[in-house]
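Numbers for residues simply follow the sequence, beginning at 1.
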Amino acid sequence: MAEAEKKTETAKKAPAPKKAPAKKVEPKASVVIEYAGSQILAKDVLDAATKAFKAANKGVTIKTIEVYVKPEENVAYYVVNGEGSEDYKVSL
């Protein structure tokens with residue numbers, strides 16, 4: 001019986017397994033711009049601006065990009081790495 005008692009004591013002393021911390025789940029989010037009966041996702045505008053810049057400026061790394069949506073003109077202007085141009089625009 002001494003062996004059974006040792007097993008019981010060992011089982012009592014063993015730490016309980018730790019639970020993994022719950023992972024923080026970010027909600028799915030989207031920004032939709034509505035104007036003149038049309039809808040466009042802000043992500044799509046950003047993607048179009050990024051693609052247009054890369055096509056016109058091969059080899060330039062985008063460190064920052066800012067997009068300014070002007071629904072009344074049906075365009076979005078963008079500034080890349082702090083530099084803008086009248087040519088830096090995409091149609092909505």
K.L.:
Test of understanding: with salt bridge (charged side-chain N to carboxylate O under 4.0 Å, His left out), list the residues that count as partners of Lys43, not counting sequence neighbours.
P.N.:
Asp47

K.L.:
Could you tell me which non-hydrogen atom of Leu92 sits nearest to which non-hydrogen atom of Ala76, and how far apart they are?
P.N.:
CD2-CB, 3.9 Å

K.L.:
Determine which pairs satisfy ring pair (Phe, Tyr, Trp, His ring centres under 6.0 Å) with at least one residue from residues 29-75, sequence neighbours left out, and list them in order.
P.N.:
Phe53-Tyr88

K.L.:
Hey, what else clusters with Val32 if you join Ile, Leu, Val, Met, Phe, Trp, Tyr whenever side-chain heavy atoms sit under 4.5 Å?
P.N.:
Leu41

K.L.:
Taking side-chain contact (heavy atoms from CB on, under 4.5 Å) as the test, write out the residues that go with Ala49, two or more places apart.
P.N.:
Ile65, Val67, Tyr78

K.L.:
Please name all residues satisfying side-chain hydrogen bond (donor to acceptor under 3.5 Å, both in side chains) with Asp44, sequence neighbours left out, ordered by chain then number.
P.N.:
none

K.L.:
Residues two or more places apart in sequence or in another chain: which of them pass side-chain hydrogen bond (donor to acceptor under 3.5 Å, both in side chains) with Gln39?
P.N.:
Glu34

K.L.:
Sequence neighbours left out, what passes salt bridge (charged side-chain N to carboxylate O under 4.0 Å, His left out) with Glu66? Give chain and number order.
P.N.:
none

K.L.:
Hey, are the side chains of Ile40 and Val45 touching, using non-hydrogen atoms and a 4.5 Å cut-off?
P.N.:
yes

K.L.:
Would Val60 end up clustered with Ile62 when hydrophobic side chains under 4.5 Å apart are linked, directly or stepwise?
P.N.:
yes

K.L.:
With sequence neighbours excluded, tell me which residues meet side-chain hydrogen bond (donor to acceptor under 3.5 Å, both in side chains) with Lys51.
P.N.:
none

K.L.:
Among the clusters formed by ILVMFWY side chains lying less than 4.5 Å apart, do Ile33 and Val90 turn up in the same one?
P.N.:
yes

K.L.:
For Gly82 and Val79, which heavy atoms make the closest approach, and how far apart are they?
P.N.:
C-CG1, 3.5 Å

K.L.:
Could you give all pairs that pass the salt bridge (Lys or Arg N to Asp or Glu O under 4.0 Å) test and reach residues 80-91, with sequence neighbours left out?
P.N.:
none

